[in-house]
Chemist: 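Mind looking over this structure? Questions follow.
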Amino acid sequence: MKKIEHIGIAVRSLEVSNQLFTKLFNKEPYKMEVVESEGVSTSFFMTGENKIELLEATNPDSPIAKFIEKKGEGIHHIAFDVDDIVAEMKRLEGEGFVLLNKEPKPGADNKLVCFLHPKGTNGVLIELCQEVR
Ligand code: ZN
């Protein structure tokens, strides 16, 4: 894993939180994207070298809706940049981590992604992401 690619924050309302984070960073989101397969609407902010992803549920069955129901709004996941997601998934599975998807899947912001079950990572949802070139 190369570095933290972004931190994902679950929010109830992207509209409200976009305004809040625009004030916080003094900068507008550079991108907004709906990932229907994941049941999320997202927006991305850059602050210096760091990227923050806001996620709002698009339906009540969305993992984000369930997360907010259980834990409230807040940090949802930490994403790490990898060169070869398939190799990294294989390596982590070999180390006993539980992958939430067996194949890399398309994520927001032009990435292939895979999530690790938070039960195996001290309660932190980890996302692997590889830039699609
Ligand atoms: Zn993410």
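Remember, it's 1-based here, ligands and their atoms both numbered in the order they're listed. The model shown is predicted, which means the values in this text are computed figures rather than measured ones.
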Chemist: Has His77 got an N/O/S atom less than 2.8 Å from the Zn ion (ligand 1)?
Modeler: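 It does: His77 brings an N, O or S atom closer than 2.8 Å to the Zn ion (ligand 1).
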Chemist: Could you tell me whether any N, O or S atom belonging to His76 is less than 2.8 Å from the Zn ion (ligand 1)?
Modeler: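 Not a single backbone or side-chain N, O or S atom of His76 is under 2.8 Å from the Zn ion (ligand 1).
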Chemist: If you round to 10 degrees, what value do you get for the angle at the Zn ion (ligand 1) between His6 atom NE2 and Glu53 atom OE1?
Modeler: 90°
Chemist: State whether the side chain of Asn59 and the backbone N or O of Gly39 hold a donor-acceptor pair below 3.5 Å, judged by distance alone.
Modeler: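 No, the answer is negative, given that no donor and acceptor are paired below the 3.5 Å cut-off.
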Chemist: Salt bridge or not between Arg91 and Glu88? Use side-chain N to carboxylate O under 4.0 Å.
Modeler: yes
Chemist: Looking at Glu127, pick out the N, O or S atom nearest to the Zn ion (ligand 1) and give its name.
Modeler: OE1
Chemist: Are Glu38 and Lys105 within salt-bridge range, i.e. N to O under 4.0 Å?
Modeler: yes
Chemist: Is the distance between the Zn ion (ligand 1) and the nearest N/O/S atom of Glu5 smaller than 2.8 Å?
Modeler: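 Not a single backbone or side-chain N, O or S atom of Glu5 is under 2.8 Å from the Zn ion (ligand 1).
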Chemist: Would one find an N, O or S atom of Asp109, in either backbone or side chain, under 2.8 Å from the Zn ion (ligand 1)?
Modeler: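 Checking the Zn ion (ligand 1) against Asp109, no N, O or S atom falls under 2.8 Å.
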Chemist: Pick out which of Glu127, Lys111, Lys51 makes a side chain to side chain donor-acceptor pair (under 3.5 Å) with His6.
Modeler: Glu127
Chemist: Determine whether the aromatic ring centres of Phe97 and His117 lie less than 6.0 Å apart.
Modeler: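 Phe97 vs His117: aromatic centres not under 6.0 Å.
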